[in-house]
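Everything numeric in this text was worked out from a predicted model, so none of it was measured. The figures here come from the full heavy-atom set of this structure, side chains too, leaving out hydrogens, waters and symmetry mates. Counting starts at 1 for both ligands and their atoms, in listed order.
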Amino acid sequence: MNTTQSEALFAKAQELIPGGVNSPVRAFRSVGGTPRFIERGEGACIWDADGNRYIDYVLSWGPLVLGHAHPKVVAALQNALTRGTSYGAPTALETELAELVIDTVPSIEMIRFVNSGTEATMSALRLARAFTGREMIIKMAGCYHGHADMLLVQAGSGVATLGLPDSPGVPASTTAKTLTVEFNDLEGIQVLFEEHPNEIAAVIVEPIAANMGFVLPQEGYLQGIQSLCRQYGTLFILDEVMTGFRVAPGGAQAAWNLDPDITCLGKVIGGGLPVGAYAGKREIMKMVAPSGSMYQAGTLSGNPLAMTAGLATIHALLEPNVFETMAKSTTTLIEGIQAAADSVNLPIQVGCAGSMFGFYFLKEKGTFINDYAVAKRYAHTERYAKFFHAMLEAGVYLAPSQFEAGFMSSVHSEEIIQQTIQTASRVMKQLTA
Ligand SMILES: *Cc1c(COP(=O)(O)O)cnc(C)c1O
């Protein structure tokens, strides 16, 4: 595979942009090699600057649930663009997307749009602290909620990949009120509540820990967090930035019957444009300025292009059978990967939910990754790196890190999925030869 152009572009980018990228995981640090510079995407595929084609399972890290340049999204955006890009004044589009999200996600009664998932979680926590008059928060090790200071404690995603325990530049005073406990450790949360019964403003959790690979919640875990929150007057914040419109159209909360006080959204609801949102019970959301006293604002928040892309994407996703077909494709793919690994005796742990999936190569057979500590110990990152590069060479673009999830789109055809499975099977044979 010729990658001359990507290499040249990367060399220049590294002179001008830290690490050559605008978000760390893009740089391939955990798998090595040169990141591909992408020129164009269409449907299930992307093409790099050297003209190589890849079947894409990153999909901009989740937002592109309809694949690249979906005709309906492109048409809606072209139409919106001719009317200008932003006014800094309210538009009907914002209410339209608000209504659509509220109708689809069970717990949400009011919503505020922001520009990223980071802003969503940051604002949600400010709101929880304002609403409860408390300062402490609980987060789970390996859960990633964006890069706000107070949340860069045992964070997953790029932080997991780069192996940074924390980030310099984050004052100890901003993380002093952030308590952490392993994912799936309900007892650990209970202990923290008992130690600080009147001090915890919120528990924030990813319903699937999908920024440290792909770890499903154990039966009763999320429900247990919800009950503890109710018991202690603490707000339950479900970070559905990734799982929203992915695990089910109504998110993990719809699939698993949860009732969070505040939900964070992003990714899919922007249809590939920069968006985030925090949303929840009317009583709580009414505290946000200007209806209430908790300040939060944004020059480009709710801008017409992002709203348009979000609306077109969600409408298409909610059409009959679209979600179900995509979920079935995800199961087919992950079962195929499992079978390929089994046939050459490579220990692997796979998982999927709706249109998200993940798999870990394991250092030892019989281990099960249930939290971040175990993921760091038993995930075979070297094997993943080899697998990743062989897949890339063969035209399949997976996340350039063992600690990230994969995504399916509605336009990944049966043929493309079978082709992916065959490629994975061939690559795993090579790895074990
Ligand atoms: C991606 C992600 C974020 C951060 O969103 P950005 O738009 O990258 O700021 C927050 N929480 C979760 C669960 C995410 O997956």
Side-chain angles (χ1 to χ4, degrees), residues 21-27 57-65 105 112-126 128 137 139-162 167 178 180 183 202-217 222 225 236-247 251-253 258 260 262-279 296 298 300-303 306 309-310 313 353-358 372 399-401 403-407:
V21 292
N22 285 305
S23 196
V25 187
R26 296 179 196 170
Y57 293 100
V58 175
L59 295 170
S60 191
W61 299 97
L64 302 178
V65 75
V105 186
R112 167 59 65 83
F113 291 108
V114 292
N115 301 296
S116 67
T118 295
E119 272 187 69
T121 58
M122 190 178 81
S123 309
L125 284 166
R126 184 182 302 146
I137 58 170
K139 83 173 280 288
M140 312 317 148
C143 277
Y144 180 68
H145 304 290
H147 65 86
D149 281 359
M150 68 202 155
L151 290 164
L152 278 184
V153 185
Q154 303 237 18
S157 197
V159 185
T161 302
L162 297 173
S167 170
T178 306
T180 58
F183 190 75
V203 177
I204 184 167
V205 65
E206 289 181 73
I208 297 171
N211 284 285
M212 59 187 206
F214 190 91
V215 178
L216 286 164
L222 296 170
I225 295 179
F236 175 37
I237 304 179
L238 204 58
D239 182 353
E240 297 229 50
V241 170
M242 191 190 292
T243 53
F245 297 88
R246 280 261 171 216
V247 168
Q253 60 190 269
L258 299 165
I262 303 176
T263 299
C264 299
L265 292 168
K267 298 188 173 126
V268 170
I269 64 160
L273 274 80
V275 147
Y278 61 108
Q296 182 273 311
L300 293 169
S301 290
N303 79 83
T313 298
S355 61
M356 292 168 59
F357 64 89
Y372 193 40
S401 162
F403 296 117
E404 303 285 350
F407 301 96

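- For Ala405, the side chain to side chain contact (heavy atoms under 4.5 Å, CB included) partners are Ala210, Phe214, Met242, Phe407, not counting sequence neighbours.
- Contact record, Gly146 with Thr118: CA-OG1, 3.3 Å, taken as the closest heavy-atom pair.
- If you check the side chains of Arg112 and Gln296, you find a donor sitting under 3.5 Å from an acceptor.
- Listed by chain and number, the residues in a side chain to side chain contact (heavy atoms under 4.5 Å, CB included) with Ala120 are Val114, Cys264 (sequence neighbours excluded).
- Taking both residues in full, the closest heavy atoms of Ile208 and Ala353 are given as CD1-CB, 3.6 Å, listed atom of the first, atom of the second, then distance.
- Contact residues of ligand 1 (protein heavy atom closer than 4.0 angstrom to a ligand atom; sorted by chain and number): Ser116, Gly117, Thr118, Tyr144, His145, Gly146, Glu206, Asn211, Asp239, Val241, Met242, Lys267.
- For Phe183, the ring-ring contact (aromatic ring centres under 6.0 Å, His included) partners at least two apart in sequence or on another chain are Tyr221.
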